[in-house]
Amino acid sequence: MLKELVREKLREAMAKLGVDAPKIEISVPDKPEFGDLSSNVAFTIKAALKSSPREAGQKLVEQLDKSAFEKVEVVGPGFINFFLKRESVLEVLSEVLLQRETYGKLALGSGKRAQVEWVSANPTGPLHIGHFRQAVLGDVISRLLQNAGYDLTREYYFNNAGQQMRRLGNSVKARYLEILELPAQFPEDGYQGEYIYEIAQMIRDKHGSSWQERDAVQFKEFAEAALFTEIKETLKRLFRLAENKVFDIYYNETWLYDEPDHKFVYVNNNQVLDSLRQADLAYDKEGAVWFKATAMGRPDDRVLVRSKGERDPTYRLPDIAYHVNKLMRGFDLVIDIFGADHLDTYQDVLAALRGLYERKKLPSSCNPEKIRVLIHQFVTLVSSGKPVKMSKRLANYITIDELIDELKSTVELDEAVKLYDSATQEAVKEDFAINVARYFILMRSPNSHVNFDLDLAKQQSKENPVYYIMYAYTRIAAIRDKYEPMSVATVNLDLLKEREELALLKKLDEFPSIVSDATEQLAPQFLTTYSYELARLVHDFYEKHRVISENQALTDARIQLLSAVQLVLKRCFELLELKAPERM
RNA sequence: GCGCCCGUAGCUCAGUAGGAUAGAGCGGCGGUUUCCUAAACCGCAGGCCGCAGGUUCGAUUCCUGCCGGGCGCACCA
């Protein structure tokens, strides 16, 4: 890595001056006048050298081994700008071609275990737009962690007991009776969606009218199974994973209640509620059990066990228990992904864990610092310039499948692709639709509100960034199809001299640090941006220089360059799970 | 009222663990194709980075206050 090279040289020079900086920041300047790489380290050592940043920079540069650089300048208030020798830049190519598929793999998580929990929707309906962002985010974050070497568990937490599910059962039963033209009372708070009819119809198809006396519980179970199947299908489609890879564990909340009296939520025979009491974090009031959240700096105490009805726990107690469970399972890193609506909840959970940990009610290995919570803001679906109002109860929301189908419906196929059979054409459309859906949501920072303009996404078959990036890949593929490259050893890379060629190489060099930043900051958008920038440089190069030419040696060198670029593009696609077409 | 997120070009959004002259796409205007896929490339126009203070050599980035938008603030999940 060129950054590493510069950092190393700076460190050497600083050692000669007898100073040190905890971290040396190297950045890629926006402007070519500022060099290939730049450092602001002079600002951090100015005090140690008792001089101005500019003087500090000068002193540093005097001591610097400049053999790898064309020139090194101290400019402005004290920035040190490095202009790399071409030979230094060319080394990137060898490095990429040597590392191949491992280029950009990280050691961050090697030997460590991580868990990501997301989606976690209860099976009361199909996944809709509200789940879409989270689903894709979690998928990519999982892939990033795997790339970083973590032994990863993908987990989905759900609850198939309780009031919501009862409502589901009642709703389906009512619709079933309706289909049979029997008197039915649709529950006041029932699920109104069309899918309830579909499930009822499934039961009708399978069991005829024989279920009319059955209990709502059985309808619930049938509906749950049907919906879960559908949810898994949707995610399988969106993640493009085999069914058994979509999630490793579907964790049922009821697993937390593995003692006879479920009301007190056990975890590994350790009563969470008792621990909270012992830690003076829970107390009784007005017949309910409360979490003393205020003791942990939260604004209000919360009920953990209701005084009303069956004295059931509220969701907070199992949530706390579940997180204790996660910590006890020995993960080094636990990531929760929630929508902005869960903000308050998770803070209570973390507060409880901190309290238990600080008061020694959790083993020392269960430090809640291991938990990272990624909160993402909502997506507003915009259609005909207006936000689409959504209500789950009335079921006037767009499902993930509908979104993908919608995007798919407007994909225009190239003439060449139209020659293939219809299944292949279908697959090409499906790939594009999923690419578009994933990329569009990933390119935005998770904590910014996003408008997803359906009309725009549909129309954008030609102008949208996804096609742009894919096209860069395809252009390379087309060239490589036409030419059989020589082995790297016999190629004279020194022939690569054009500005556009060197720009590509410098961009390739950035890849590992981009991956690293994206992983550490849980920020997939760094990668979408990067792949766009790399694609831009590909198009720029392509327009200005011919690859296959009379000049055999130069052709070979350029083919090698493009191979490396293609490799890195492919690595980006792999991490984002975008499917690169060989033709488009 | 309290907590968190956001406010950057006409529109949609990147960027910000403090750095130099703030970016992209779309939209607008103009140009480029006998040549590996023009789904491309090049150029122009477009900005008090919500407002006001503070910290700093330096703030779009950090702090405080205000304004505007979103989401929460159940003995629902």
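Proteins come first, then strands; the chains are lettered A, B, ... in the order of their sequence lines, and each starts at number 1. This is a predicted model, so every value here is computed, not measured.
At B:A38, one or more side-chain N or O atoms of A:R475 fall inside 4.0 Å of OP1 or OP2 (strictly under the cut-off).
Between the OG atom of A:S120 and the CD1 atom of A:I337 there is a distance of 9.5 Å, given to the nearest 0.5 Å.
The listed nucleotides are B:A40, B:C73, B:A77; the one nearest the side chain of A:H539 is B:A40.
With sequence neighbours excluded, the residues that form a side-chain hydrogen bond (donor to acceptor under 3.5 Å, both in side chains) with A:E500 are A:H545. Considering only residues two or more places apart in sequence or on other chains, A:Y156 meets the side-chain hydrogen bond (donor to acceptor under 3.5 Å, both in side chains) condition with none of them.
The same atom, C1', is picked in B:C48 and in B:G27; the two are 24 Å apart, to the nearest Å.
Between the side chain of A:Y467 and the base of B:A39 there is no donor-acceptor pair of N/O atoms closer than 3.5 Å. For A:S38 against B:A20, a side-chain N or O and a base N or O form a donor-acceptor pair under 3.5 Å. Side-chain to base pairing of A:N40 with B:G19: one donor and one acceptor N or O lie within less than 3.5 Å of each other.
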Output a table of nitrogen or oxygen pairs between the protein and nucleotides 9-17 of chain B separated by less than 3.5 Å.
unit_1	atom_1	unit_2	atom_2	d
B:U12	O2'	A:R444	NH2	3.3
B:C13	OP1	A:N451	N	2.2
B:C13	O2'	A:R444	NH1	2.2
B:A14	OP1	A:S445	N	2.6
B:A14	OP1	A:S448	OG	2.5
B:A14	OP2	A:S448	OG	3.4
B:A14	O2'	A:T529	OG1	3.2
B:G15	OP1	A:Q525	NE2	2.7

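Residue A:T474 is in base contact, counting any heavy-atom pair closer than 4.0 Å across all strands shown. If you check every strand for non-hydrogen atoms under 4.0 Å, A:N81 touches a base. No engagement by A:R298 is indicated, since no non-hydrogen atom pair under 4.0 Å with the nucleic acid exists. When heavy atoms are screened at a 4.0 angstrom cut-off, A:Y532 is found touching the sugar-phosphate backbone but no base atom. Among the protein residues, A:K482 comes within range of the sugar-phosphate backbone only, with heavy atoms under 4.0 Å from sugar or phosphate atoms but none that close to a base.
Between A:Y468 and A:H539, the ring planes are perpendicular. Angles over 60° get that label, and only those under 30° would be called parallel.
Look at A:Y468 and the base of B:A40; the rings do not stack under the cut-offs of 5.5 Å between centres and 30° between planes. Ring-base stacking between A:F34 and B:A20 is satisfied, the centre separation being under 5.5 Å and the plane angle under 30°.
Residue A:Y542 contributes atom OH, which lies 16 Å from atom P of B:U33 at whole-angstrom precision. Rounded to whole Å, atom P of B:C5 lies 13 Å from atom CG of A:L374.
With a glycosidic angle more than 90° from 0, B:A45 adopts the anti conformation.
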Passes side chain to side chain contact (heavy atoms under 4.5 Å, CB included), A:Y322 versus A:E253? Steps please.
CA-CA 8 Å; A:Y322 179 45; A:E253 183 186 317; over 6 Å; no
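Using modelled atom types, one side-chain atom of A:S171 and one backbone atom of A:Y191 make a donor-acceptor pair closer than 3.5 Å.
The cationic group of A:R302 does not satisfy the cation-pi geometry with A:F291, failing either the under 6.0 Å distance to the six-membered ring centre or the 45° limit from the ring axis.
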